[in-house]
Amino acid sequence: MGLPEERGRSGSGSRGQEEAGAGGRARSWSPPPEVSRSAHVPSLQRYRELHRRSVEEPREFWGDIAKEFYWKTPCPGPFLRYNFDVTKGKIFIEWMKGAITNICYNVLDRNVHEKKLGDKVAFYWEGNEPGETTQITYHELLVQVCQFSNVLRKQGIRKGDRVAIYMPMIPELVVAMLACARIGALHSIVFAGFSSESLCERILDSSCSLLITTDAFYRGEKLVNLKELADEALQKCQEKGFPVRCCIVVKHLGRAELGMGDSPSQSPPIKRPCPGVQISWNQGIDLWWHELMQEAGDECEPEWCDAEDPLFILYTSGSTGKPKGVVHTVGGYMLYVATTFKYVFDFHAADVFWCTADIGWITGHSYVTYGPLANGATSVLFEGIPTYPDASRLWNIVDKYKVTKFYTAPTAIRLLMKFGDEPVTKHSRASLQVLGTVGEPINPEAWLWYHRVVGAQRCPIVDTFWQTETGGHMLTPLPGATPMKPGSATYPFFGVAPAILNESGEELEGEAEGYLVFKQPWPGIMRTVYGNHERFETTYFKKFPGYYVTGDGCRRDQDGYYWITGRIDDMLNVSGHLLSTAEVESALVEHEAVAEAAVVGHPHPVKGECLYCFVTLCDGHNFSPKLTEELKKQIREKIGPIATPDYIQNAPGLPKTRSGKIMRRVLRKIAQNDHDLGDTSTVADPSVISHLFSHRCLTIQ
């Protein structure tokens, strides 16, 4: 898959790079050794030319890329039709409507039969315990997917039906989602860390016909009886008048009983004993995965789908209210995740790629499953956590599989920073070539540690900005081609046309700060909120007609680099001055004692709002009045006196979702001593909340 009109270029990438201080204000720093740019990553000048063409001529640009995929029927009409302006009618986006294809066929059948990659490893699976490993080739994965596709069809699942999947990071999860895609059913994957209530809510919202789950699994030291949670969810569905007729269960912890450890795509028997785990069984509803697979044929004709047919639903939580079922479609999503994966990670056939995200999140959908497989890549699939059995687990896995491209979250980087350099540096990591970050803006200190310690100052870092709703990367460097600035999401990807608006909806030119929006569609954009198109229009298009509104604040610097300043609802208005929480947090974590920080607003009788900061300290540091004054002084120096916090609270832990995102909504409640927290079912460790309440600062209203 090549860029239109782009035929091999070479050269070296890093020019005068810059380090960002608090909030992305750049200052010069000594650049690392230059990194060679791949032959298929364009030069910066060429990249800008191609980007301009992709925005000005999106139909021609993406039409050329579409030729690299299989279409049973080519696009018969307009390649792109859309309306972003709510004042002119219904919002809609159509890429290649009328073209017929199947994404599972493109990522598996073509790789096996046309590209002869059948014997290539698709996934190295690494279980929770070191030593629990297996691998699955493209041919083995295709056979498993065909078998499970036949299982689903035998259970009455047809094109357009919704299937809920509630599983840990095991090979069967990939098999299940690709089988849904093969037969035209929509998968709705619910992260295995979510509660039974969350699962029930998502099943009900999209009227799922069938649930696929697992008996139980370990996450670090913690045993999760997933089947028990699934049963509770199905009982809640029954009570609410929606009985789910079938639940297929993978025997994961009980796999040793099956004697199937050496079978393709079967994880080996669990090494850790699990006494006393009782797996309940609902006769007439529950079915064992392994028994159904034994009876299934290993060939299955794909269901041929329109490019605009829905591929999956993935729920994303807002700060308040009901989760939104983001709908992505077959054709545009396929093009976009395949292209972003190839160029953002500078993919080569010999790479071993590792995205540490759970498939229950959009990052896992796009850059564990669909993007890598569309390129014929080999990936690592990891069931465990970064700190189990110790803080060197990730780097042990990097060396074990000779990982070349590594993609993780700033939260994980900051977590590992607390343990120092030694857990990293005792491993070689010589195979690493490109590092990536995803999920939130990375503070410069974490960026520099990632670059200096993990990447040994030789790996470019791709700091990617995107959302569940965008399907793939939106603002990102290209490795070796784009000069890096720590903390900046850099430039828009091909086809992406960003703008920064003020409160009145006027586009700001040059250096500017305001609302980040996109002016035209890209192939991977969501098409609707499942069952609620009005909510789709209101959330993303109503505030500024004619634009897709990200909900994020953004600053563009003098070089045209984009700096994400945080969610708009994470902006604080202190004495009439807008302050970004991300900017203040960045200043706090530059102090050697601070591992992580979260900042929220608190009502103030004079200033309107003031800053209330939660800080998690690095090992070996103690919270004291002296440290509090040092932190206040640092913020005054980095940002200005207006940003001086009124309150700084020691926070041994912060309330986070199970994907690692800090729940600032909860922190705002704690700061104000408001115990009406609303839904906290997605909090990973609820005990953190009670601890923070009991140790909060004495505040004035």
Side-chain angles (χ1 to χ4, degrees), residues 169 191-194 219-220 314 316-317 340-341 344-345 353-369 371-372 379-388 391 393-395 397-398 403 405-419 423-424 432 434-451 453-455 459 461-468 470 472-477 486-489 552 564 566-567 570 581-582 585-586 589 595-598 616 653-664 682-685:
M169 289 284 282
F191 174 52
F194 276 171
R219 183 170 177 82
L314 185 57
T316 179
S317 301
T340 49
F341 175 82
V344 173
F345 298 114
F353 178 75
W354 184 15
C355 169
T356 66
D358 194 285
I359 291 176
W361 310 106
I362 188 64
T363 306
H365 280 58
S366 297
Y367 300 114
V368 175
T369 303
S379 293
V380 174
L381 189 69
F382 179 45
E383 183 188 25
I385 60 174
T387 54
Y388 180 80
R393 182 70 187 278
L394 298 187
W395 322 120
I397 294 171
V398 165
V403 172
K405 312 293 168 65
F406 181 74
Y407 194 37
T408 195
T411 296
I413 297 167
R414 289 192 293 267
L415 169 67
L416 295 172
M417 283 174 67
K418 292 176 64 176
F419 295 92
V424 185
L432 288 173
V434 175
L435 304 175
T437 65
V438 59
E440 59 185 302
I442 184 169
N443 55 293
E445 186 192 38
W447 191 102
L448 291 166
W449 185 85
Y450 196 32
H451 183 265
V453 179
V454 177
C459 298
I461 294 177
V462 288
D463 176 11
T464 60
F465 168 80
W466 57 297
Q467 302 172 313
T468 302
T470 70
H473 304 137
M474 299 297 284
L475 303 174
T476 175
S488 167
D552 283 290
I564 304 302
R567 299 296 294 173
D570 291 336
T581 57
E585 289 162 4
S586 183
V589 297
E596 191 166 29
T616 301
L654 293 169
K656 297 180 180 179
T657 66
R658 290 171 179 84
S659 66
K661 289 194 175 181
I662 296 169
M663 300 183 72
R664 287 178 175 79
T682 60
V683 178
D685 182 3

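In terms of heavy-atom proximity, Glu596 sits nearest to Ile662 at OE2-CD1, 3.8 Å. The minimum heavy-atom distance linking Leu394 with Leu416 is given by the pair CD1-CD1, 3.7 Å. For the residue pair Pro410 and Val438, the shortest heavy atom distance occurs at CD-O, 3.2 Å. Counting all heavy atoms, side chain and backbone alike, Pro372 lies closest to Ser366 at CD-O, 3.6 Å. Contact between Thr408 and Ala412 at its shortest, heavy atoms only, is OG1-CB, 3.7 Å. Counting all heavy atoms, side chain and backbone alike, Pro486 lies closest to Pro444 at O-CG, 4.0 Å.
Rounding to the nearest 0.5 angstrom, the gap separating the CG atom in Leu432 from the CZ atom in Phe406 is 7.5 Å. The CG atom of Asp463 sits 3.5 Å away from the OG1 atom of Thr437 when rounded to the nearest 0.5 Å.
Partners of Tyr450 according to the side chain to side chain donor-acceptor pair (under 3.5 Å) rule, which considers only residues two or more places apart in sequence or in another chain, do not exist here. Applying the side chain to side chain donor-acceptor pair (under 3.5 Å) test to Thr470 and every residue at least two apart in sequence or in another chain returns nothing. Residues meeting the ring-ring contact (aromatic ring centres under 6.0 Å, His included) test with Phe382, sequence neighbours left out: Trp354. Under the side chain to side chain donor-acceptor pair (under 3.5 Å) criterion, Arg219 pairs with no residue, sequence neighbours left out. By the side-chain contact (heavy atoms from CB on, under 4.5 Å) test, Ala595 pairs with Lys418, Cys618, sequence neighbours left out. When the salt bridge (Lys or Arg N to Asp or Glu O under 4.0 Å) test is applied to Arg664, the partners found at least two apart in sequence or on another chain are Glu585. Judged as a salt bridge (Lys or Arg N to Asp or Glu O under 4.0 Å), and not counting sequence neighbours, the contacts of Asp552 are Arg567. With sequence neighbours left out, Thr387 forms a side chain to side chain donor-acceptor pair (under 3.5 Å) with no residue at all. For Phe353, the ring-ring contact (aromatic ring centres under 6.0 Å, His included) criterion is met by Phe341, Phe345, not counting sequence neighbours. A search for side-chain contact (heavy atoms from CB on, under 4.5 Å) contacts involving Ala446 returns Ile413, Arg414, Met417, Ile442, Asn443, not counting sequence neighbours.
Using a 4.5 Å heavy-atom cutoff, the side chains of Cys459 and Val434 are not in contact. Annotation: side chain of Trp361 is not in contact with side chain of Leu314 (no heavy-atom distance under 4.5 Å). The closest side-chain heavy-atom distance from Val368 to Leu381 is below 4.5 Å. Val454 places none of its side-chain heavy atoms less than 4.5 Å from the side chain of Val398. You'll find the side chain of Trp449 reaches within 4.5 Å of the side chain of Val424, heavy atoms only. Ile359 is listed as a side-chain neighbour of Thr369, based on a closest heavy-atom distance under 4.5 Å.
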### Query
For Thr657 and Met663, what are the C-alpha separation, side-chain angles and deciding distance, and is it a side chain to side chain contact (heavy atoms under 4.5 Å, CB included)?
CA-CA 7 Å; Thr657 66; Met663 300 183 72; 3.8 Å; yes
### Task
Go through the steps for Ile397 and Val380 under the test side chain to side chain contact (heavy atoms under 4.5 Å, CB included), then give the verdict.
CA-CA 9 Å; Ile397 294 171; Val380 174; 4.1 Å; yes
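Judged purely by distance below 3.5 Å, without hydrogens or angles, the side chains of Thr363 and Tyr407 never pair a donor atom with an acceptor atom. Side-chain N/O atoms of Thr476 and Thr464 include no donor and acceptor closer than 3.5 Å.
In this structure, the ring of His473 has its center less than 6.0 angstrom from the ring center of Tyr367. Here the two rings, on His451 and Trp447, have centers that are under 6.0 Å apart.
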